[in-house]
Peer 1: 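Dropping the structure in here first, questions after.
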Amino acid sequence: MVSNSVSITLPDQSVRQFDHPVSVAEVAASIGAGLAKAALAGKVDGKLVDTSHVISQDAALAIVTDKDADGLEVIRHSTAHLLAYAVKELFPDAQVTIGPTIDNGFYYDFSYKRAFTPEDLVAIEKKMGELAKQDIPVTRKVLPRDEAVKYFKGIGEAYKAEIIESIPADQAVSLYTEGAFTDLCRGPHVPSTGKLKVFKLMKVAGAYWRGDSKNEMLTRIYGTAWTKKEDQEAYLNMLEEAEKRDHRKLGKLLDLFHMQEEAPGMVFWHPKGWSIWQQVEQYLRKVYVDNGYQEIRCPQILDRSLWEKTGHWDNYQDNMFTTQSEKHDYGIKPMNCPGHVLVFNSDLRSYRDLPLRYGEFGSCHRNEPSGALHGIMRVRGFVQDDGHIFCTEEQIQSECTNFNQLALAVYKDFGFKDIAIKIALRPDKCVGSDETWDRAEEALRNALRACAVAWEELPGEGAFYGPKIEYHMKDSIGRSWQCGTMQVDYNTAGRLGGEYVDQHSNRVAPVMLHRAIVGSLERFIGILIENHAGSLPLWLAPLQVVAMNVTENQAAYVTEVVNALKAAGIRVHADLRNEKISYKIREYSVQKIPYLLVLGDKEKEAGTVTARVRDGKGGGENLPTMSLNEFISRVKDEIAAKK
RNA sequence: GCUCUUGUAGCUCAGUGGUAGAGCACUCCCUUGGUAAGGGAGAGGCCACGCGUUCAAUCCGCGUCAAGAGCACCA
C-alpha cells in the first residue's frame, strides 16, 4: 500500500508531516494564521508556485510573502493581470497580449482601436483599485494547448491564441482566472486580488507586437507596484531626484551646451561645456601617448567608391549623410575605420611594425532615426576616441588584455563604479571559420578574466566580422548606454586591401582591433554630468575657483589672488560685482563651483584666503583660513589626484 | 521611423476665439553689505512654422519641423 503521507521541509530545516497531499496554503495555515494570510506564493524545491499548489511528495517548501524578492515579483506580475482585468472591464473591445514584470514594476500591451489617454489611465487605475478591494480569488486551470487556443479564439483574443499556437502542441498551458477575466500565464499569482495594495500606472507608450517594427503597434501601459506604500513613495521620489540630474537640464543650468531645431542631433558646445570636453580630450590624448598609440586625423568626407568597398553604400546608406560635387558622390564618414586602414595602407608594412596602433578623435555623422535621438547621449554628429590596432592573430590576446585594463583604469579616473561589461558573440551570418571565432571570443574572455571582472555574454549579438566587448554605463534614471568597446575584426582590413609582409615574405591581411574607451565624447560627457549630478570633480570642473570680494575695498586683493591662481594653471574667475556676499555665494553654489574664495578685509590684511568648499549635497562649508600658497598647493594636489 | 504628449520672454511656467502675463535672469538707480536671493525703476514676445475654418486664431482643424517618454534601430 502506497502511503499518501508527505513530509515538508521548511527553510529552518524543520520538518512537518502530513498524512495527505497538502497545498502550500494549508502548510502556511498549519504554521500560523498570520503566515497563512501573508502567503503570496510558495517555493517548492526551488520552484515558484501558487499557494493553491498541492504538494504530493516529500519536498522542501518556503512560503513566499511580501518580505521576499520573489513575493514582490509575484505582486508585480499579478498587478499586470489586474491591469488587464481593469482594462477589459472598461474597454471590452480591447485585446490583451502580454504583461511581464520589469525593474520596479510591470507593463501590459493591449490592442485597441485607439491609444489610451492619460485620462483613461486615471480611470483604469481607479478600476484596478476597486477590483483589488473586492479581494477576488485568482484561480489556476490547466488546459491542453489546442483547447486553450480554441478558448481564446472563442472569446475573441486573437493575440493570446497566436501566442499559445507557438507553444508545442503536446504541452498543456495554464490559465488564470480572476472574476470575469481569464489570461494565459505560467504564473504563479497571488491567491486573490486583495493582496495587491500598492501600485500606480505611470505612462502609456506604443510598442510593436512581438517587438518587430513590421508588425502593428500596440498600446503599452507601464505601472509600478510595491509591497509597501513607503517603498513606492521612495521610488517615485528617487525618480524625481534623478530628473534633476538629467544632463539636458544641467547642461542648460550650468551653461554647458545647447541644441536647436536647425541642427537636430548635433551639439552647440558653450565655453564651459567645451572646457569639460577639453579636459576629457587632453586626458585621452595622454592615454594614447602613454599606451603606444600614434594620433592621426583623417578626412570627414570620402568618395562613394570607398563606401562601396566597405559595404556601407549598399547596406547603410539610409544612416549616412551624403553629398556631391562635380559629378562625384561622397559619404560623410559614419565611422573612422576606413580612414585608419588607408593610413595603414599608405606604406608597405612589415610584421616587425605590428602591432601598429592609431588613435583619432574622429568626428562622425550618422543619420540616426529621429526617434532615437536623446540629448547628447544619442546624436547625429559625434566624436569618438577611436583607435585601431593592426596586429597578428597571436597579438590579439595581449592587446585585448591591455586594453581592458586601460579602459577600466580610465573609468575609475572619471569616477565611475558601476560598469556593465558584455561580450557579443558570433551572429548567424558571419565571416571566418568557427575556429577563428572560437579563438577571438576566448581572447576577449581571457582579457576580462585577467582583470577579474564579471561579464554577461550576448550570443548572436556580435558584428558579422568579429566578436566584441561592450562597456555599458547607466544614466541618472538607470537607462544603460554603451560607451567603450573592443572589437576583433578579421575582415575589414583585408577588404580594403590592408596587408603586411610576414616572416616568410608573404603578404597577409592583418587583424584589426577597433577600440574606444569613452565611445563618443558627447555621450560620455552626458553620462559624466549625470553621474556627478553636475558637480564635476575638480580636475574636470569648467570653473575650479571663484574669488569674490565682500566690499569694493578688496577688489585689488581679489585681482591679485586671481592672477596668482591663473599663473598656477587654475581655472578661476573674479567676481567684483556690487552684490551682497550671500547673493554671490548662492549663485555659485547653484553653479556647483568646487571652491569659493570669500575675500574681505581680514584676508586682505593677512594676505590669506578663506575657501568655501562644495559639499556635494548642494551646500558648502568653510575651510580654516589659509595662506594663498597653501590654497594653491591644495588645489593642485587635488587636481593631480583626480579626486 | 512608429505610438502618445508637448512647443507662449534668455530660463521655469500661467493664460485667453477679440494680437498676452508671473517669477528668475537682463539694463539703470539706490545700497558697500562676512557665507544660499537688499530695495526701486525699465526693457524684452511673428504665442515653433505653413495652410485652412472664422468678421476675428496664440487658442479650433489639417500639415510640417523640433523636443520628451516608450517601441524599433544603434553597422
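Every chain is numbered from 1 and lettered A, B, ... according to where its sequence line falls, protein lines coming before strand lines.
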Peer 1: Going by the angle between their ring planes, with limits at 30° and 60°, are Phe116(A) and Phe91(A) parallel, tilted or perpendicular?
Peer 2: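 The rings of Phe116(A) and Phe91(A) sit tilted, inter-plane angle from 30° to 60°.
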Peer 1: Counting Watson-Crick and G-U wobble pairs whose two distances are both under 3.5 Å, find the runs of 3 or more in a row that involve RNA chain B.
Peer 2: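 Stems for RNA chain B, defined as runs of 3 or more consecutive pairs: B:1-7 with B:65-71, B:10-13 with B:21-24, B:26-30 with B:38-42, B:48-52 with B:60-64.
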Peer 1: How about Glu157(A) and Val96(A): do any of their side-chain heavy atoms sit closer than 4.5 Å?
Peer 2: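 SC-SC contact between Glu157(A) and Val96(A) confirmed.
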Peer 1: Take the protein atom CG of Asp109(A) and the nucleotide atom C1' of C2(B), then report the distance between them rounded to whole Å.
Peer 2: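 Value for this atom pair: 14 Å.
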Peer 1: Provide, to the nearest angstrom, the distance between the CD1 atom belonging to Ile581(A) and the P atom belonging to A37(B).
Peer 2: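 Distance check: Ile581(A) CD1 to A37(B) P gives 12 Å.
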Peer 1: Suppose you measure atom C1' in A57(B) against the same atom in G61(B); what distance do you get, rounded to whole Å?
Peer 2: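 Straight-line distance between the two C1' atoms is 11 Å.
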Peer 1: What's the gap between U6(B) and A43(B) when it is taken at their C1' atoms, as a whole Å value?
Peer 2: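 Per the computed distance, 30 Å lies between those C1' atoms.
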Peer 1: Using heavy atoms to find the nearest nucleotide of RNA chain B for Leu218(A) and Gln260(A) separately, return the residue whose nucleotide is more 5′.
Peer 2: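 The residue mapped nearer the 5' terminus is Leu218(A).
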Peer 1: Could you tell me if the side chain of Leu458(A) sits less than 4.5 Å from the side chain of Leu425(A), heavy atoms only?
Peer 2: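 Counting from C-beta outward, Leu425(A) and Leu458(A) never come under 4.5 Å.
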Peer 1: Looking for any heavy atom pair under 4.0 Å, which part of the strands does Ser589(A) touch: base, sugar-phosphate only, or nothing?
Peer 2: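 Base: the residue Ser589(A), judged by heavy atoms under 4.0 Å, touches a nucleobase.
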Peer 1: Report the glycosidic orientation of C46(B): syn if within 90° of 0, anti in every other case.
Peer 2: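 Base orientation: syn.
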Peer 1: Cut-off 3.5 Å, side chains only: do Tyr557(A) and Glu605(A) have a donor facing an acceptor?
Peer 2: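 No, no side-chain donor-acceptor pair sits under 3.5 Å.
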Peer 1: Rounding to an integer number of angstrom, what distance separates G7(B) and U64(B) when you compare their C1' atoms?
Peer 2: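 The answer is 14 Å between these two C1' atoms.
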Peer 1: Can you label the angle between the Tyr108(A) ring and the Phe110(A) ring as parallel, tilted or perpendicular, going by 30° and 60°?
Peer 2: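 The rings of Tyr108(A) and Phe110(A) lie parallel, inter-plane angle below 30°.
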Peer 1: Side chains of Ser476(A) and Glu530(A): do they bring a donor and an acceptor to under 3.5 Å?
Peer 2: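 Indeed, the side chains of Ser476(A) and Glu530(A) share at least one donor-acceptor pair under 3.5 Å.
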Peer 1: Please report the interatomic distance OG(Ser480(A)) to CD1(Ile419(A)), rounded to the nearest 0.5 Å.
Peer 2: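 Ser480(A) OG to Ile419(A) CD1: 11.5 Å, rounded to 0.5 Å.
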Peer 1: Can you tell me how the ring of Trp269(A) sits relative to the ring of Trp274(A), calling it parallel under 30°, perpendicular over 60° and tilted otherwise?
Peer 2: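 Ring orientation of Trp269(A) relative to Trp274(A): tilted.
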Peer 1: Taking CG from Leu121(A) and P from C4(B), how many angstroms apart are they, rounded to a whole number?
Peer 2: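 The answer, rounded to whole Å, is 15 Å.
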Peer 1: Taking the P atom in each of G63(B) and G39(B), what is the distance between them to the nearest angstrom?
Peer 2: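 Going atom to atom, P in each nucleotide, I get 50 Å.
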Peer 1: Would you kindly give the CZ-to-C1' distance between Arg586(A) and A37(B), to the nearest whole Å?
Peer 2: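 Distance check: Arg586(A) CZ to A37(B) C1' gives 5 Å.
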Peer 1: What's touching nucleotides 9-11 of chain B from the protein side, N or O pairs under 3.5 Å?
Peer 2:
none

Peer 1: How many Å lie between CG on Leu253(A) and P on A25(B), as a whole number?
Peer 2: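 Spelled out: CG on Leu253(A) to P on A25(B) is 13 Å.
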Peer 1: Which word best sums up how the rings of His312(A) and Trp307(A) line up, parallel for under 30°, tilted for 30 to 60°, or perpendicular for over 60°?
Peer 2: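 The arrangement is perpendicular - the two ring planes meet at more than 60°.
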Peer 1: What integer distance in Å separates Phe116(A):CZ from U5(B):P?
Peer 2: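 One finds 14 Å between P of U5(B) and CZ of Phe116(A), rounded.
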Peer 1: Say whether Ser305(A) and Asp303(A), considering side chains only, have a donor N or O and an acceptor N or O under 3.5 Å apart.
Peer 2: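 Checked: Ser305(A)/Asp303(A) side chains pair up, N/O donor to acceptor below 3.5 Å.
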Peer 1: Which whole number of Å gives the distance between the C1' atom of U16(B) and that of G1(B)?
Peer 2: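 Nearest-Å result for U16(B) against G1(B) at atom C1': 37 Å.
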Peer 1: Tell me whether the rings of His374(A) and Trp481(A) are parallel (<30°), tilted (30 to 60°) or perpendicular (>60°).
Peer 2: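 Plane angle between 30° and 60°, so tilted.
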Peer 1: Can you tell me if the side-chain N/O atoms of Tyr583(A) get under 4.0 Å from OP1 or OP2 in A25(B)?
Peer 2: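 Tyr583(A) to A25(B) OP1/OP2: side-chain N or O found under 4.0 Å.
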Peer 1: Take the protein atom CD of Glu603(A) and the nucleotide atom P of U35(B), then report the distance between them rounded to whole Å.
Peer 2: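 Interatomic distance, CD of Glu603(A) to P of U35(B): 12 Å.
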Peer 1: What interatomic distance, in whole Å, is found between P of A41(B) and the corresponding atom of G33(B)?
Peer 2: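 Here G33(B) and A41(B) have their P atoms 25 Å from each other.
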Peer 1: Any side-chain N or O of Ser370(A) below 4.0 angstrom from OP1/OP2 of G1(B)?
Peer 2: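 Result: yes.
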Peer 1: Kindly assign one of parallel, tilted or perpendicular to the pair Phe403(A) and Tyr471(A), based on the angle between their ring planes and the thresholds 30° and 60°.
Peer 2: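 Perpendicular.
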Peer 1: Atom CZ of Arg577(A) to atom P of C30(B): distance rounded to whole Å?
Peer 2: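 Nearest whole value for this atom pair: 18 Å.
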Peer 1: Mind checking the C1' distance from C2(B) to C24(B)? Whole angstroms is fine.
Peer 2: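 Between the two C1' atoms, the distance is 39 Å.
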Peer 1: Please work out if Thr610(A) contacts a base, only the sugar-phosphate, or nothing of the nucleic acid, heavy-atom cut-off 4.0 Å.
Peer 2: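 Base, at least one base heavy atom under 4.0 Å.
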Peer 1: Which nucleotide in the set C4(B), G7(B), U35(B) lies at the smallest distance from any side-chain heavy atom of Glu261(A)?
Peer 2: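 Selected nucleotide (nearest to the side chain): G7(B).
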Peer 1: With Lys203(A) as the cation and Tyr222(A) as the aromatic partner, state whether NZ or CZ is under 6.0 Å from the six-membered ring centre and within 45° of the axis.
Peer 2: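 Flagged: Lys203(A) positioned over aromatic ring of Tyr222(A).
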Peer 1: Scan nucleotides 68-75 of chain B nucleotide by nucleotide, 5' to 3', and note B when protein non-hydrogen atoms come under 4.0 Å of the base, S if they reach only the sugar-phosphate, - if neither.
Peer 2: SSBBBBBB
Peer 1: Quantified in whole Å, what is the C1' atom distance between nucleotide A20(B) and nucleotide C46(B)?
Peer 2: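 Looking at atom C1' only, A20(B) and C46(B) are 13 Å apart.
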